[in-house]
Enquirer: 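Just passing along the structure, written as structure tokens.
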Amino acid sequence: MTRFDAVAIALAASFAAGCGYQVGAHGDLMPSTVKTIAIPAFNNLTTRYKLARLLPQDIGREFESRTRYRIVADANEADAVLTGTVANFSAYPTVSDPVSGRATAAEAVVTLHFTLKDRRTGKVLFSKTGAEYRQRYEIALDPQQYFDESGTAMERISSDVAHGVVS
């Protein structure tokens with residue numbers, strides 16, 4: 001083995017030994033001119049109102065707690081505007097009681113569309129269509145004790161969406 005081969009192997013080994021770990025959240029895809037974001041009410045194409053009402057609040061709270069951006073109420077005063085649509089909601093049973101045949105657990109599936117635009121230029125900074133979020137919830141067997149858990153599932157989905165959008 002020549003000295004050149006030994007150096008080449010040592011360099012290759014040192015590059016291969018690096019794990020590639022990088023600290024996240026350093027690359028910011030937003031223009032430096034964006035300092036404020038408006039999140040108006042989401043459009044809702046479903047019969048479920050709760051999620052469309054929760055999403056702007058939860059996303060705004062997540063932006064303010066995890067980023068340098070400030071949330072403003074008036075879209076005309078914002079540097080960027082995040083719009084969204086709750087496009088679809090469905091829930092279906094996932095577990096059934098073998099004795100009664102009644103569902104004891106269900107899964108809610110929500111499809112959302114998001115667009116973040118620079119208000120001044122109209123340029124789309126971020127867009128996601130068909131984002132699907134799922135959440136399971138329990139259903140009581142006893143009709144006397146029935147409590148609709150789908151509302152709390154919507155709250156958990158809203159929290160998941162807020163975290164995902166801001167990330």
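Computation of the quantities below employed the complete heavy-atom set of this structure, encompassing side-chain atoms and omitting hydrogens, waters and symmetry-equivalent molecules.
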Enquirer: Do Val165 and Phe114 have side chains that approach each other closer than 4.5 Å (heavy atoms only, starting at C-beta)?
Expert: yes

Enquirer: If only atom types and distance count, is the side chain of Thr46 paired as donor or acceptor with the main-chain N or O of Arg48 below 3.5 Å?
Expert: yes

Enquirer: Do the side chains of Met30 and Thr67 get nearer than 4.5 Å, heavy atoms only?
Expert: no

Enquirer: Can you tell me how far NZ of Lys123 sits from CG of Asp118, rounded to the nearest 0.5 angstrom?
Expert: 8.0 Å

Enquirer: Is Val86 reachable from Tyr133 through a run of hydrophobic residues whose side-chain heavy atoms are each under 4.5 Å from the next?
Expert: yes

Enquirer: Could you tell me the separation between the CZ atom of Arg70 and the CD atom of Glu64, rounded to the nearest 0.5 Å?
Expert: 8.5 Å

Enquirer: Which side-chain N or O atoms in residues 33-43 pair as donor and acceptor under 3.5 Å with protein atoms at least two apart or in another chain?
Expert:
from  : atom 1 : to    : atom 2 : distance (Å)
Lys35 : NZ     : Ser32 : O      : 2.8
Thr36 : OG1    : Asp79 : N      : 2.9
Thr36 : OG1    : Asp79 : OD2    : 3.2

Enquirer: Rounded to the nearest 0.5 Å, what separates atom CG in Asn88 from atom CG in Leu112?
Expert: 9.5 Å

Enquirer: Distance-only, no hydrogens or angles: does the Asp160 side chain make a donor-acceptor pair with backbone N or O of Gly164 under 3.5 Å?
Expert: no

Enquirer: Compare all side-chain heavy atoms of Lys50 with those of Glu155 and state whether any distance is below 4.5 angstrom.
Expert: yes

Enquirer: Measure from the side-chain N and O atoms of His113 to the backbone N and O of Gly130, and report whether any donor-acceptor pair falls under 3.5 Å.
Expert: yes

Enquirer: Find out whether Val81 and Lys117 are in side-chain contact, i.e. whether some heavy atom of one side chain is under 4.5 Å from a heavy atom of the other.
Expert: no

Enquirer: Please report the interatomic distance CG(Asn44) to OH(Tyr49), rounded to the nearest 0.5 Å.
Expert: 11.5 Å

Enquirer: Got Val95 and Arg136 here, is their nearest side-chain heavy-atom distance under 4.5 Å?
Expert: yes

Enquirer: Within the supplied structure, the quantity of interest is the number of heavy atoms (other residues, nucleotides, ligands) at a distance under 6.0 Å from Phe126 CZ; does it exceed 12?
Expert: yes

Enquirer: Please examine the side chains of Met154 and Val110, heavy atoms only from C-beta on, and report whether any two atoms are closer than 4.5 Å.
Expert: yes

Enquirer: Would you kindly confirm whether Leu82 and Leu125 end up in one hydrophobic cluster when ILVMFWY residues are joined by side chain heavy atoms under 4.5 Å apart?
Expert: yes

Enquirer: Return the NZ to OG1 distance between Lys128 and Thr115, rounded to the nearest 0.5 Å.
Expert: 12.0 Å

Enquirer: Name all residues meeting the side chain to side chain donor-acceptor pair (under 3.5 Å) criterion together with Ser167; count only those two or more places apart in sequence or in a different chain, and write none if there are none.
Expert: Arg66

Enquirer: Please output the side-chain donor-acceptor pairs of residues 52-59 that fall under 3.5 Å, not counting sequence neighbours, one pair per line with the distance.
Expert:
from  : atom 1 : to     : atom 2 : distance (Å)
Asp58 : OD1    : Arg61  : NH2    : 2.4
Asp58 : OD2    : Ser158 : OG     : 2.5

Enquirer: Treating Arg119 as the side-chain partner and Ala75 as the backbone partner, does any N or O pair qualify as donor plus acceptor under 3.5 Å?
Expert: yes

